[in-house]
Chemist: 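I have a structure here, written as structure tokens, and I will follow up with some questions on it.
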Amino acid sequence: MASPGSIRPVRFQGPKGTRDFYPAEMARRRYIEQAWRTVSIRHGFDEIEGPTFESADLYAVKSGEAILGELFQAFSGKSPEEVEQVRSTGRAPYALRPEFTPTLARMFADRAASLPRPTKWFAIPIHYRAERPQRGRLREFLQWNADVIGEESPQADAEVIALAVGLFTELGLSGRHLTVRLSNRDLVSELLIESGVGEADLAAALTLLDRRDRMAAEEFARSCCQIGLDAAALAARLGEVQGEMNSALAAMENGGAMPPIARKSPAIGQLRGLIEALGAQGILKWCEFDFSIVRGLAYYTGTVFEVTAAGERAVAGGGRYDRLIASFGGPPTPAVGFGMGDVVLSLVLEEHGLMPEGERLAECLGTRPDAFVVSAGDESSDAVVAPLVAELRRAGLHARRSYKATKKIDKLLKDAAACYSRFAVILDETCSTGNVQVKNLDDGSQDTVMRTQLAQWITQHRSRAHV
RNA sequence: GCGAUCGUAGCUCAGUUGGUUAGAGCACCUGGUUGUGGUCCAGGGGGUCGGGGGUUCGAGUCCCCUCGAUCGCCCCA
């Protein structure tokens, strides 16, 4: 038996790219989660959740092989076959989820027959990616996901975009801070083919386009040649259509009619419909077309979009994935959705001074105590603290007490103010007569209240303060 | 996975060309200013200077490795 003195303490650091949430950080996290949840529900979305790990194949098949390198792998270690698989292939049967869409598609496919159309779901899952942490990117983070499943019209696209915009508005952000950049993969594909790309190279061409801004010009040109892409012709076509669509968007925003679009194609039809639907949602001023946006994921089909802020990574991103649910064995079902991570969003909020703190944050979260009980008298009033706090709690109030030994009222009130309590309940000599002093810490007023009436008194005065 | 910069108390940082038992402010705890809230004063707890190895009579200070952090690259769901 080792004596306590022989135990050698070992200090651990949290794993790379993870965060510890102490009360202050947890309050900020809850502020964001609360906004996500409140706005989702307001827009008619129902909350779901799935497992934090899934079969690795779920991601490999639909998201693209490239994702595998960024996956945190998982296995139980219980079966010899499993251990052998990891040893020989270097790949575990499970992976911590790097995104939510595959889980959502799997869940919908499983019960597709009994689910309404459209089905509107949101989730606030934790995600894991084995990437190198840097600004706006960690290895463990929260990401709000919202999806409209079973509705193919652009109204669904506009509805999820309006949800994202609703969230920004809720948090005090505006079109001055953020821009919704819209694109459409079908349109970009059309233009790529007209610029010389063969059907077989379409996926590669989209990936190339996605990386365009991040690679050297000559390297881009060389890659274009390899797939027969005339980069200059593509740039001209993209620029022309983008200009035309942005003019149409601006015209609608100013209350005019949709101007005619020279180009005719199914994709243009989708885009016209999207503009109209965004107009109906009243959010055109947030939006602009940017056909350089393609999105990295393999499963996206028509509309894709990103929300960007100057100097930061994308705050949110999403799009249509009309074939994903069928690929998981469900009926052919169109779907559109987006994800928004907590890391970049927090950076943007803090940058603009929109992250509340202290009392205001506690007020938003509903964590302000209703009463803070202190004893400034003798032993007899000390003895009242515990039962009085218990009594207030039984009445449904958020009651706290001081644990300090001091009888000095200034220090006790400071204690009460430190947790942003609405009222301080002071037990002094008047305690023996059945009365307590109740001080309103917001306006400084003070009343003498009978102890037996205290819970009711605070409940009334608290609710009055709220109204 | 690669590169650059950094790593001293819970937080923000001092710490002089390597030289006695490593400091300050804030925070925390206790007490005082004899009784009403982010004052003031005095004490106190808390650091094997990220970890390991090396150079040296002696290392927070120099060298190597490692782990983290920040910012880029790769990638970006």
Side-chain angles (χ1 to χ4, degrees), chain A residues 8-20 22-25 58-60 62-71 95-105 125 127-139 141 143 145 207 210-211 213-216 293-300 304 306 311 313-314 316-319 321 324 337-341 343-344 347 358-359 372 374-378 381 402-430 437-446:
Chain A
R8 192 175 167 191
V10 184
R11 294 191 67 142
F12 290 97
Q13 295 176 313
K16 179 193 294 190
T18 62
R19 294 169 287 181
D20 292 330
Y22 291 88
E25 290 81 27
L58 185 74
Y59 306 114
K62 303 305 167 195
S63 303
E65 286 292 318
I67 238 177
L68 288 173
E70 314 293 321
L71 234 40
L96 301 186
R97 65 181 169 206
E99 58 162 334
F100 192 68
T101 306
T103 296
L104 175 131
H127 294 284
Y128 304 89
R129 293 177 193 169
E131 298 179 296
R132 180 73 178 247
Q134 50 191 284
R135 184 175 177 86
R137 200 163 73 176
L138 296 172
R139 288 185 156 189
F141 58 94
Q143 185 175 281
N145 285 263
T207 304
D210 185 40
R211 297 180 51 206
D213 292 339
R214 302 193 295 267
M215 58 200 298
I293 286 173
V294 182
R295 305 290 297 162
L297 282 179
Y299 55 64
Y300 281 127
V304 287
E306 286 181 2
R313 293 169 188 285
Y321 49 98
L324 189 60
F338 69 87
M340 183 187 298
V343 183
V344 178
L347 288 171
E359 184 175 308
F372 191 92
V374 305
S375 167
D378 53 18
S381 61
S402 178
Y403 294 95
K404 290 190 192 303
T406 185
K407 295 294 181 195
K408 301 201 171 303
I409 293 190
D410 57 341
K411 300 213 165 154
L412 293 169
L413 287 179
K414 193 177 165 185
D415 214 16
C419 63
Y420 314 114
S421 185
R422 297 181 196 284
F423 294 98
V425 177
I426 304 164
L427 306 176
D428 57 12
E429 311 78 57
T430 63
Q437 306 301 317
V438 183
K439 177 162 181 148
N440 182 322
L441 293 171
D442 288 334
D443 63 20
S445 63
Q446 188 162 321

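Every value quoted in this text rests on a predicted model; they were computed, and no experiment measured them.
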Chemist: Provide, to the nearest angstrom, the distance between the CZ atom belonging to R137(A) and the P atom belonging to C73(B).
Modeler: 9 Å
Chemist: Under 4.0 angstrom, heavy atoms only, what part of the nucleic acid is G444(A) near: base, sugar-phosphate, or nothing?
Modeler: base
Chemist: Distance check, P atoms only: U56(B) and G44(B), in whole angstrom units.
Modeler: 40 Å
Chemist: Between the base of U36(B) and the side chain of Q446(A), is there a donor-acceptor distance below 3.5 Å?
Modeler: yes
Chemist: Might you point out which heavy atoms bring F100(A) and P125(A) nearest each other, and give the distance in Å?
Modeler: CD1-CG, 3.6 Å
Chemist: A405(A) side chain: which of C76(B), U30(B), C74(B) is closest?
Modeler: U30(B)
Chemist: Can you find a side chain N or O atom of K404(A) that sits less than 4.0 Å from OP1 or OP2 on C29(B)?
Modeler: yes
Chemist: Of the non-hydrogen atoms in K411(A) and K404(A), which two are nearest, and what is the gap between them?
Modeler: O-CE, 4.5 Å
Chemist: May I ask you to decide whether E25(A) forms a salt bridge with R19(A), counting only side-chain N to carboxylate O separations under 4.0 Å?
Modeler: no
Chemist: Looking only at heavy atoms, what is the nearest atom pair of Q143(A) and G339(A), with distance?
Modeler: NE2-CA, 3.8 Å
Chemist: Just checking, is any N or O donor in the side chain of R313(A) or Q134(A) under 3.5 Å from an acceptor N or O on the other one?
Modeler: yes
Chemist: With P as the reference atom in both, quote the distance from A14(B) to U8(B) in angstrom, rounded to an integer.
Modeler: 10 Å
Chemist: Output the single nucleotide from A77(B), C75(B), G32(B) whose closest atom is nearest the side chain of K411(A).
Modeler: G32(B)
Chemist: A77(B) and G25(B): how far apart are their C1' atoms, nearest whole angstrom?
Modeler: 45 Å
Chemist: Would you mind reading off the distance between D210(A) atom CG and A77(B) atom C1', rounded to a whole angstrom?
Modeler: 11 Å
Chemist: When you compare G58(B) with G54(B), how far apart are their C1' atoms, in angstrom units rounded to a whole number?
Modeler: 15 Å
Chemist: Given atom CG of N440(A) and atom P of U36(B), what is their separation to the nearest angstrom?
Modeler: 18 Å
Chemist: U36(B), U70(B), G68(B): which one has an atom nearest the side-chain heavy atoms of K16(A)?
Modeler: G68(B)
Chemist: Is there a Watson-Crick or G-U wobble partner for G7(B) with both distances under 3.5 Å, and which nucleotide is it?
Modeler: C67(B)
Chemist: If we take the C1' atom in both A9(B) and C29(B), what is their distance in whole Å?
Modeler: 15 Å
Chemist: Between A77(B) atom P and Q143(A) atom CD, what is the distance in whole Å?
Modeler: 10 Å
Chemist: Quick one: does R97(A)'s side chain have a donor or acceptor within less than 3.5 Å of a partner on Y128(A)'s backbone?
Modeler: no
Chemist: With nearest nucleotide decided by heavy atoms, which residue, E359(A) or A130(A), maps closer to the 5′ end of RNA chain B?
Modeler: E359(A)
Chemist: For the side chain of R135(A), starting at C-beta, report the closest nucleotide among C75(B), G31(B), G72(B).
Modeler: G72(B)
Chemist: Could you let me know what C73(B) is paired to, Watson-Crick or G-U wobble, both distances under 3.5 Å, or none if it's on its own?
Modeler: G1(B)
Chemist: In terms of side-chain heavy atoms of K439(A), which of U36(B), A69(B), A77(B) is nearest?
Modeler: U36(B)
Chemist: Can you identify which nucleotide, out of G31(B), G35(B), U70(B), has its nearest atom closest to the R132(A) side chain?
Modeler: U70(B)
Chemist: What is the nucleic acid contact for G17(A), judged by heavy atoms within less than 4.0 Å: base, sugar-phosphate only, or nothing?
Modeler: sugar-phosphate
Chemist: Taking a pair as Watson-Crick or G-U wobble with both distances under 3.5 Å, which nucleotide is matched to A42(B)?
Modeler: U30(B)
Chemist: If every non-hydrogen atom of Y59(A) is compared with every non-hydrogen atom of P102(A), which pair is closest and at what distance?
Modeler: CD2-CG, 3.8 Å
Chemist: Within the pair R129(A) and A77(B), is there a side-chain N or O less than 4.0 Å away from OP1 or OP2?
Modeler: no
Chemist: Between L96(A) (CG) and A77(B) (P), how many Å, whole number?
Modeler: 19 Å
Chemist: Without decimals, in angstroms, what is the distance between L71(A) CG and G1(B) P?
Modeler: 15 Å
Chemist: Looking at every heavy atom in both A416(A) and F372(A), which two are closest together, and how far apart are they?
Modeler: CB-CD2, 3.4 Å
Chemist: What distance, rounded to whole Å, do you find between the two C1' atoms, one in A69(B) and one in U30(B)?
Modeler: 36 Å
Chemist: Measure from the side-chain heavy atoms of L413(A) and tell me the nearest of A77(B), G37(B), C74(B).
Modeler: G37(B)
Chemist: If the P atom of G19(B) is compared with that of C13(B), how far apart are they to the nearest Å?
Modeler: 24 Å
Chemist: Determine the contact category for D415(A): base if any of its heavy atoms lies under 4.0 Å from a base atom, sugar-phosphate if only primed atoms, P, OP1 or OP2 are that close, otherwise nothing.
Modeler: nothing
Chemist: Can you tell me how far C1' of C29(B) sits from NZ of K408(A), to the nearest Å?
Modeler: 16 Å
Chemist: Considering only C75(B), U36(B), G31(B), which nucleotide approaches the side chain of E131(A) most closely?
Modeler: C75(B)
Chemist: Can you tell me how far C1' in U5(B) sits from the matching atom in U21(B), rounded to whole Å?
Modeler: 34 Å
Chemist: How long is the line joining NZ of K414(A) and C1' of C29(B), in whole Å?
Modeler: 12 Å
